[in-house]
Amino acid sequence: MPTSPLPCPNGEGWDAAQPSPTKLLVTRTVNSVEDLKCLVADYEQFDAFAFDVETTGNRKVRMLRLPGPLPKGTTRTARTSVLCPSCGREFADARRKFCSEICSKAAAKDKPPLDARTNTVWSLSLAGPGRSDVIPMGHPDKRKQLHRAEVFEILRPLFFSGRRKINQNLSFDLLSIAKYYDGAIPPPPYGDTLILAFLLNENLDSYKLGHLSKKYLAYPTRLDSQVMTAYGDEKLGEFAYRVSFQEAMRYSIIDAKMAWLLWWKLSHRLESLPKLADLFDLEMGVMRVLMEMRQHGAYVDVAAFGPLREELEHQVATKEAECLHIVGRELNLNSTKQLAEYLYDELKLPVTKLTATGLRSTDAETLKRLARRHPFPAKLLEQRDIQKMLSTYIGGYIPRIDDDSRIRASFNQAVAKTGRLSCSEPNLQNIPARYRQNTEGTMVRRLFQAPPGYKLIVADYSQIELRILAHQTRDKTLLYAYTEGIDLHLMTASRIWKIPPELVTPEQRSIAKNSNFNFAFEGGPQRVVQMSGISDADAEAVYEAWHKSYPGVKAWGKKVKRFCWQHGYVETLYGRKRRLPEITSDDWKLRGYAERQAVNHPIQGTAADVAKIAMIRVNEVLRQLDAHLVLQVHDEFVIECAESQVEQALPLIRVAMEQIHKDGKPVLDVPLEANISVGSNWSEAKA
DNA sequence: ATGGGTAGCGCG
DNA sequence: AAAGCGCGCTACCCAT
């Protein structure tokens, strides 16, 4: 879908070269149904408009009813229930501690964002060519305002039309108003100025609307500093809600105006950048998928969280006691400072590694080395393992489980400079997956389940980055391996040690696998030593043999670095740019870093582009079934599917992921391959 | 008290 | 000489 032509601003005295938001976009406050209907008729003449909502209430700090056993010594009949001061929910006395503990922890989180699922819209602003309007509908002011239900009903033809909807961070606003349409999300085309700005330059310090306006619109600072600070604040809606009606209206309209002007200014640039225009359309398509994912959420087994938390608390306490028994005095095991003092000053263990700031390291790699000399480091490693599980994954997730037993994380499109998605609040892209020595590595993944009557389908790309490497480098051995469907890691091992594939040991294959992964992105031999524990000399030999096997890789790396040095940027197959100004630095450290980023971006970035295309296609397929995307972990999709439709879904998902074309040809010169499996929880489906 | 920086560690 | 990249979160520590 191409970017639609822009409406020409038709305000009187409009000067394209010098947009002046405050003068030309006169704001009107709408307070009658007649005015509102006129407004809709007017805006229906435009093929694009900006809008913005101000909302209040219902921060996403929520407590959940924890099933499971009460602490011993209490009974359910002991009716001394209390209200948690943070969440207002009723709890049995014995659980009060738990409740307030979690709530205060969550409430202490800096500026918890408003939740589009539960907030209340009290004002909606619109901006179009030469005009802007604000519709109050619930500001706490005596004067009469329109009713929400009525307003949204009258606005329906505007939002549910082919007109482009423009805003900064559009998905929040679309989801905020979707609940007034029974959850229906207004359809594309979309124009998110944040994502547009990020696509045009991924290196800005800030993508706040105020800062972008200043940069691109020469926003007149005479619009008083009070307003500047107000909209520099993320929670303008909360702020404006508390000020007088007049002021509130003045604040409310700012973002819609700014977004309109910013879009009008920046989207022009796409006209001369066809590849970026296509990428922008891709991002808007992804945005729609992400909004649906957020509405749906990821189902978890709430009932299991409480007992698991207790179990881990017990384990971590035991490990801590064991550690402190060895130490023989007070010591905070979570303090790297105290640990370094104990390990290196008191025990006089050898220092083998320093941190970035020159302090003596106590990380897992170092502790593993020290474990041969003293019993403490090994015990500490076990404690850390459990502590991480407990604090980050169990404790961190509990306050974020919604009432319907689902976690709704945000997937962000304008964070990772390579074009990957990032995930936060909570981050569901870093849940432990690997096998572990001391703890059940997959216990958290097992909590992500299919609801009754459903199955989880896990679909991930097989070695997508190495396939892209083969495509980009044109290395004939890599191309051969993938077109012929040969086990690349096995082949690598066979070539490194010059032995027939059937004689390759599992250990050799593992080293070869690490090599493929490392050397592709300018990794050195030292890293292989760290990962597999072979000698420096052996690693050096592996390094040489690897590059001799795949000469196209180093040659391509040189080419990319030269291109970056000449142009100041590199790009993916789809033209997603990454600017790397430090590529010309005299400082070898900075330059070296930029060079590795330059080589990495076309690989990781292209994989991200392909994954985004696949996401949209997979979502399109699922739309026709009782199935939903619930998670994306870079090259992996987790899908919830009605049990009866799984068999039907599997081949559709495979085609959506593997048959990706560009310019009428398969996107890569080697096949894309997806592994797809089914289970009742995330861990089971992955296996 | 609260904010920024650092260390450490989880994932692809 | 020395080197994968990309993220987010928790805890601690020291500053204001």
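Computed from a prediction, not measured in an experiment: that's the story for all the values here.
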For A:M657, run the side-chain contact (heavy atoms from CB on, under 4.5 Å) check against A:N675, A:V618, A:D635 and tell me which one passes.
A:V618
Qualifying residue, where the test is side-chain contact (heavy atoms from CB on, under 4.5 Å) with A:E465 and the options are A:T606, A:I603, A:N600:
A:I603
Listed nucleotide nearest any side-chain atom of [X], set [options]:
X: A:R384; options: B:dG10, C:dC7, B:dG8; answer: B:dG8
X: A:A433; options: B:dC9, B:dG12, C:dA11; answer: B:dG12
X: A:H634; options: B:dG12, C:dG8, C:dC13; answer: B:dG12
X: A:S391; options: C:dC7, C:dA11, B:dG8; answer: C:dA11
X: A:S335; options: C:dC12, C:dC7, B:dC9; answer: C:dC12
X: A:N518; options: C:dG8, C:dG4, C:dC12; answer: C:dG4

Mind running a 4.0 Å heavy-atom check of residues 596-605 of chain A against DNA chain C and sending the residues that fall below it, in number order?
A:R596, A:Q597, A:N600, A:Q604
Note: [X]-[Y] ion pair, threshold 4.0 Å (strictly below):
X: A:R467; Y: A:E673; value: yes
X: A:K368; Y: A:E365; value: no
X: A:R509; Y: A:D487; value: yes
X: A:K577; Y: A:E202; value: no
X: A:R117; Y: A:D402; value: yes

Minimum-distance pair of heavy atoms, taken over all atoms of A:L370 and A:P377
CB-CG, 3.8 Å
[X] [atom1] - [N] [atom2] separation (whole Å):
X: A:Y593; N: C:dC5; atom1: OH; atom2: C1'; value: 8 Å
X: A:L580; N: C:dA3; atom1: CG; atom2: P; value: 20 Å
X: A:L339; N: B:dT6; atom1: CG; atom2: C1'; value: 15 Å
X: A:Q413; N: C:dC7; atom1: CD; atom2: P; value: 15 Å
X: A:W588; N: C:dA3; atom1: CH2; atom2: P; value: 8 Å
X: A:L428; N: C:dC9; atom1: CG; atom2: P; value: 10 Å
X: A:L390; N: C:dC9; atom1: CG; atom2: P; value: 17 Å
X: A:Y393; N: C:dT10; atom1: OH; atom2: P; value: 10 Å

Look at the side-chain N and O atoms of [X] and state whether any lies under 4.0 Å from the OP1 or OP2 oxygen of [N].
X: A:Y543; N: C:dA2; answer: no
X: A:R434; N: B:dC11; answer: yes
X: A:T336; N: C:dC12; answer: no
X: A:R578; N: C:dG6; answer: yes
X: A:T418; N: C:dC5; answer: no
X: A:R527; N: C:dA3; answer: no

Would you please name every residue forming a side chain to side chain donor-acceptor pair (under 3.5 Å) with A:Y550, sequence neighbours left out?
A:T492
Hey, is the main chain of A:A674 close enough, under 3.5 Å, to the side chain of A:E658 for a donor-acceptor pair?
yes
Is a donor on one side and an acceptor on the other found under 3.5 Å between the side chain of A:Q413 and the backbone of A:I195?
no
Given a 3.5 Å cut-off on both pairing distances, which stems involving DNA chain C, each at least three consecutive Watson-Crick or G-U pairs, are present, if any?
B:1-12 with C:5-16
Taken in chain and number order and not counting sequence neighbours, the residues that satisfy salt bridge (charged side-chain N to carboxylate O under 4.0 Å, His left out) with A:K388 are none
Of A:K417 and A:F521, whose closest DNA chain C nucleotide lies nearer the 5' terminus?
A:F521
With a non-hydrogen cut-off below 4.0 angstrom, is [X] in contact with a base, only sugar-phosphate, or nothing?
X: A:D460; value: nothing
X: A:G592; value: nothing
X: A:Q338; value: sugar-phosphate

Got a donor-acceptor pair under 3.5 Å from the side chain of A:N427 to the base of C:dG8?
no
Would you please indicate if the ring centroids of A:H211 and A:Y207 are separated by under 6.0 Å?
no
Collect all protein-nucleotide pairs involving nucleotides 14-16 of chain C in which both atoms are nitrogen or oxygen and the distance is under 3.5 Å.
unit_1 : atom_1 : unit_2 : atom_2 : d
C:dC14 : OP1    : A:K337 : NZ     : 2.8

Could you point out which residue of A:K561, A:K558, A:R596 forms a salt bridge (Lys or Arg N to Asp or Glu O under 4.0 Å) with A:E522?
A:K561
What distance do A:L333 atom CG and A:K379 atom NZ have between them, rounded to the nearest 0.5 Å?
12.5 Å
Can you tell me how far CD of A:E582 sits from NZ of A:K589, rounded to the nearest 0.5 angstrom?
13.0 Å
May I ask you to list the residues of residues 360-367 of chain A, by number, that have any heavy atom positioned under 4.0 Å from an atom of DNA chain B?
A:S361, A:T362, A:D363, A:A364
